[in-house]
Amino acid sequence: MIPFLFLFLVILCIGMSLRTLFLPEAMIDKFLSWRSFVYLLFMYVTAVIGFGLIYFLLMQSGYAVLAETGTKAGEPEGLNLLFTCVYFSGITMFSIGYGDVVPLGIGRLIAVIEGLLGYAISASFVFRTAADIWKRRSLG
């Protein structure tokens, strides 16, 4: 029960972090500033760690959502499993994988959602920046 409560809290944190993409007053300086870069960086870090924790919590609850290929050691455990989950999350968010860790079962759906989210974050950030530049230029 506790892992699912923690899972809910992680998903809530990811949602709260990403909601600012769609709020017009969320970012004050929207032109490729240091502030905007740090904002984008924190969004990615939050999403990568959040999805990594989702994979980790599901694995700790007994669901097989990830498998490492090419390793002779057994299943990763404890801190090694957490690092593997966050690593897989980062690779999925930014490049859709190397193939050394593969999703299984429901992990495939989560990985697809994470990959789409990775593209959506960068696309919406670029779109918002371009729209703000166009808006400021047209107001002159």
Side-chain angles (χ1 to χ4, degrees):
M1 181 66 181
I2 290 177
F4 288 109
L5 178 63
F6 193 63
L7 180 67
F8 173 76
L9 290 174
V10 168
I11 291 171
L12 181 68
C13 287
I14 291 171
M16 294 298 289
S17 176
L18 296 175
R19 75 181 173 84
T20 57
L21 280 175
F22 306 103
L23 297 176
E25 66 278 345
M27 293 171 30
I28 297 168
D29 296 321
K30 297 177 183 139
F31 292 88
L32 304 176
S33 66
W34 178 251
R35 187 177 189 178
S36 296
F37 173 75
V38 170
Y39 172 76
L40 182 65
L41 180 68
F42 278 122
M43 286 183 58
Y44 273 122
V45 167
T46 301
V48 166
I49 292 173
F51 275 98
L53 287 173
I54 290 171
Y55 296 122
F56 178 75
L57 290 170
L58 288 172
M59 300 250 331
Q60 289 294 95
S61 297
Y63 296 97
V65 293
L66 297 178
E68 280 192 84
T69 59
T71 58
K72 294 181 181 178
E75 292 285 319
E77 296 178 5
L79 206 51
N80 190 26
L81 176 63
L82 178 62
F83 289 143
T84 299
C85 291
V86 172
Y87 163 78
F88 175 76
S89 177
I91 295 303
T92 300
M93 178 72 70
F94 297 119
S95 69
I96 310 300
Y98 287 128
D100 57 341
V101 180
V102 294
L104 304 170
I106 191 70
R108 291 178 176 175
L109 176 63
I110 298 168
V112 167
I113 292 169
E114 184 178 6
L116 289 171
L117 185 62
Y119 284 118
I121 289 172
S122 59
S124 57
F125 186 78
V126 169
F127 176 77
R128 284 186 62 156
T129 302
D132 289 338
I133 291 171
W134 180 77
K135 184 178 178 182
R136 284 201 182 172
R137 285 186 180 168
S138 66
L139 293 176

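Only a predicted model underlies this, so the values are computations on that prediction, with no experimental measurement involved. Sequential numbering from 1 along the given sequence is applied to the chain's residues.
Taking Leu109 as the reference, Ile106, Ile113 meet the side chain to side chain contact (heavy atoms under 4.5 Å, CB included) condition, with sequence neighbours excluded. Not counting sequence neighbours, Thr92 has no partner by the side chain to side chain donor-acceptor pair (under 3.5 Å) test. In this structure, Tyr87 has no ring-ring contact (aromatic ring centres under 6.0 Å, His included) partners at least two apart in sequence or on a different chain.
From Leu53, atom CG reaches atom CG of Leu9 across 11.0 Å, with rounding to the nearest 0.5 Å. Taken from CG in Leu57 to CG in Leu82, the straight-line distance is 9.0 Å, to the nearest 0.5 Å. Ile14 contributes atom CD1, which lies 8.0 Å from atom CG of Leu117 (distance to the nearest 0.5 angstrom). Note: Phe56 CZ to Phe83 CZ = 10.5 Å, rounded to the nearest 0.5 Å. Between the CD atom of Gln60 and the SG atom of Cys85 there is a distance of 8.0 Å, given to the nearest 0.5 Å.
Leu40 and Val45 end up in the same hydrophobic cluster when Ile, Leu, Val, Met, Phe, Trp and Tyr side chains are linked at under 4.5 Å. Cluster membership for Val10 and Leu81, using ILVMFWY side-chain heavy atoms within less than 4.5 angstrom, is shared. No chain of hydrophobic side-chain contacts below 4.5 Å, direct or via other Ile, Leu, Val, Met, Phe, Trp or Tyr residues, connects Leu58 to Leu104. Both Tyr63 and Phe6 belong to a single network of hydrophobic side chains, linked directly or stepwise wherever heavy atoms of I, L, V, M, F, W or Y lie under 4.5 Å apart.
By the 4.5 Å side-chain criterion applied to Ile, Leu, Val, Met, Phe, Trp and Tyr, Leu5 is assigned to no cluster and stands alone. Hydrophobic cluster membership of Leu116, counting Ile, Leu, Val, Met, Phe, Trp and Tyr whose side-chain heavy atoms lie under 4.5 Å apart directly or via other members: Val112.
Atom CZ of Phe94 is surrounded by more than 12 heavy atoms from other residues, nucleotides or ligands within 6.0 Å. In Ile2, the CD1 atom is not crowded: 12 or fewer heavy atoms of neighbouring residues, nucleotides or ligands sit closer than 6.0 Å.
Looking at heavy atoms from C-beta onward, Thr84 lies in side-chain contact with Val101 at the 4.5 angstrom threshold. Within the 4.5 Å cutoff, the side chain of Asp100 has no heavy atoms near those of the Ile91 side chain.
For Met59 against Leu66, the heavy-atom pair with the smallest separation is SD-N, 3.4 Å. Across all non-hydrogen atoms, the minimal contact from Pro3 to Ser61 is CB-OG, 3.6 Å. Here the shortest heavy-atom pairing between Met93 and Gly118 reads SD-CA, 3.1 Å. Residues Val86 and Val48 share a closest heavy-atom pair of O-CG1, 3.9 Å. Scanning both residues, Ala47 and Ser89, for their nearest heavy atoms gives O-OG, 4.2 Å.
Residue pairs satisfying the side-chain hydrogen bond (donor to acceptor under 3.5 Å, both in side chains) criterion with at least one member in residues 41-55, sequence neighbours excluded, are listed as follows: Tyr55-Glu114.
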